[in-house]
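Inspection log for the structure reproduced underneath, given as structure tokens.
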Amino acid sequence: MSPNHPDVLPWLALAAIPGLGPESVRRLLEVYPGIETVFAAPASQLIPLVGAKLAAALGQPIDPAAHQDTLDWLSAPDAHLITWLDSAYPEPLRSLPDPPMWLYLKGDPATLSRPLFAIVGSRNATPQGKRDAEAFARSLAEAGLTIVSGLADGIDAAAHKGGLAGNGCGVAVVGTGLDRVYPARNRELAHRLAAGGAMVSEFPLGTPPKPGHFPRRNRIISGLSMGVLVVEAAPQSGSLITARLAAEQGREVFAIPGSIHSSLTKGCHQLIKQGAKLVESAADILEELNLPWAMAMAAKTGEPEADPLLDLMGTGPIGLDELANRSGLTVDNLSAMLFAHEMEGRVAVLPGGLYQRLF
């Protein structure tokens, strides 16, 4: 919707009314044929639908000056306001119990019509978790899926990077206005996503990051996607909210297992106990989604060659002495081999003289 569209000001005014949620807006649109008629309706008709306070707010004249910043933002060719009444509104969201009535989008709206798949997880991810997220995202993107996540640190950021590396595209659903990037350190990543896909939010410009916003954005992440992969998650993490919403929305839920001693894998194990699919490779996800074209594309990329040393390391941190016992190699030989793997980004050096494979 352009800044010159006749309905843009009513929609912006609607979005700016505090306390007017999606359910109330949907009730209004079920009664009134167009957005402009909502503001023209008498208070006596609005009060039974939204209550006296919101009815009074809807009765106020719309001040264009109050929305000038957003109108200026919408004047950019890659800035969009997509509303419930638009043909560009993503169809998968229409079936949600509380779908957003509008979406602010920076990038290409057509991105939301692609086959989308979400990858989420802990902000305080381990090196292995971030590497898994990036590797899975890249493989799925190379198979034709577009990766969706929430632009948070840790697993989200790694998934976005992997998706961009796989097919140059991605979708970030955020809990702030699109004139802000949170966390700020992901600004360059946000710009890459907008250039090669889309940044999406239901929150008006200027909205700061607030704790309650992120669970709300999670329903959009899962709602847009045909499935959700949880890479690492503590038992009470927001990623489990996304997974629960995905299951309620009829989407497939996947989880990567890990050590029973790690708090960041307990959430994934909990999901698996509740019926999430345990996955060890991107192929497991593609087979479950039953996408023949994606399987064919994935087959063309092949699998990386196995490395005996990496196989011996396992998935958890390991010291040189233990690795020497497993491999039969000397510590000097192992140090040289691990250094080469570190330079190639295949092994991370951890505090305490430990090493961990990164895929």
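Just so it is clear, the structure is predicted and the values come from calculations on it, not from any experiment.
A donor-acceptor pair is defined here as one N or O able to donate and one able to accept, closer than 3.5 Å; such a pair exists between the side chain of Thr265 and the backbone of Ser262. With hydrogens and angles ignored, the 3.5 Å screen pairs a side-chain donor or acceptor of Ser201 with a backbone N or O of Thr176. Without hydrogens or angle criteria, Ser237 side chain to Ala233 main chain gives no donor-acceptor distance under 3.5 Å. Looking only at distances, a side-chain donor or acceptor of Arg251 sits under 3.5 Å from a matching main-chain atom of Gly223. Under the 3.5 Å distance criterion, the side-chain polar atoms of Ser335 are matched with a main-chain donor or acceptor of Val331. Looking at Arg94, its side chain never comes within 3.5 Å of a backbone N or O of Pro99 through a donor-acceptor pair.
Taking 4.0 Å as the cut-off between side-chain N and carboxylate O, Glu248 and Arg244 count as a salt-bridged pair.
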Considering only distance and modelled atom types, tabulate donor-acceptor pairs under 3.5 Å from the side chains of residues 105-117, sequence neighbours left out.
residue, atom, partner, partner atom, Å
Lys106, NZ, Asp78, OD1, 3.0
Asp108, OD1, Ala110, N, 3.0
Thr111, OG1, Asp108, O, 2.9

Exercise answer: donor-acceptor pairs, residues 252-261 side-chain atoms, under 3.5 Å, sequence neighbours excluded:
residue, atom, partner, partner atom, Å
Glu252, OE1, Lys277, NZ, 2.8
Ser259, OG, His261, N, 3.0

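The one candidate from Leu312, Leu309, Asp311 that meets the side-chain contact (heavy atoms from CB on, under 4.5 Å) condition with Arg357 is Asp311.
More than 12 heavy atoms of other residues, nucleotides or ligands lie within 6.0 Å of CD in Gln68, so this atom counts as buried by the packing criterion. Counting non-hydrogen atoms of other residues, nucleotides and ligands closer than 6.0 Å to CG of Asn124 gives a total of 12 or fewer.
Sequence neighbours left out, the pairs with a member in residues 39-51 that pass side chain to side chain donor-acceptor pair (under 3.5 Å) are Tyr32-Gln45. Residue pairs meeting the side chain to side chain donor-acceptor pair (under 3.5 Å) criterion with at least one partner in residues 151-170, sequence neighbours excluded, are Ser149-Asp156, Asp153-Arg185, Asp153-Asn186.
A distance of 7.5 Å separates CG of Leu205 from OG1 of Thr207, quoted to the nearest 0.5 Å. Considering SG of Cys268 and CG of Leu278, their distance stands at 9.5 Å, rounded to 0.5 Å. Distance check: Lys130 NZ to Glu134 CD gives 10.5 Å after rounding to the nearest 0.5 Å. One distance of note links CG of Leu96 with CG of Leu245; it measures 9.0 Å at 0.5 Å rounding. Note that the CD1 atom of Ile155 and the OG1 atom of Thr126 stand 6.5 Å from one another [nearest 0.5 Å]. In this structure, the separation between CG on Leu14 and CG on Leu9 is 12.0 Å, given to the nearest 0.5 Å.
Using cut-offs of 30° and 60° on the angle between ring planes, the pair Phe214 and Tyr182 is tilted.
Aromatic rings of Tyr104 and His80 (six-membered ring for Trp) have centroids beyond the 6.0 Å cut-off, not under it.
Between the side chains of Asp72 and Ser75, no donor N or O sits under 3.5 Å from an acceptor N or O.
The closest side-chain heavy-atom distance from Leu49 to Leu54 is not below 4.5 Å.
When the salt bridge (Lys or Arg N to Asp or Glu O under 4.0 Å) test is applied to Glu202, the partners found at least two apart in sequence or on another chain are Arg216, Arg219. With sequence neighbours excluded, no residue forms a salt bridge (Lys or Arg N to Asp or Glu O under 4.0 Å) with Arg26.
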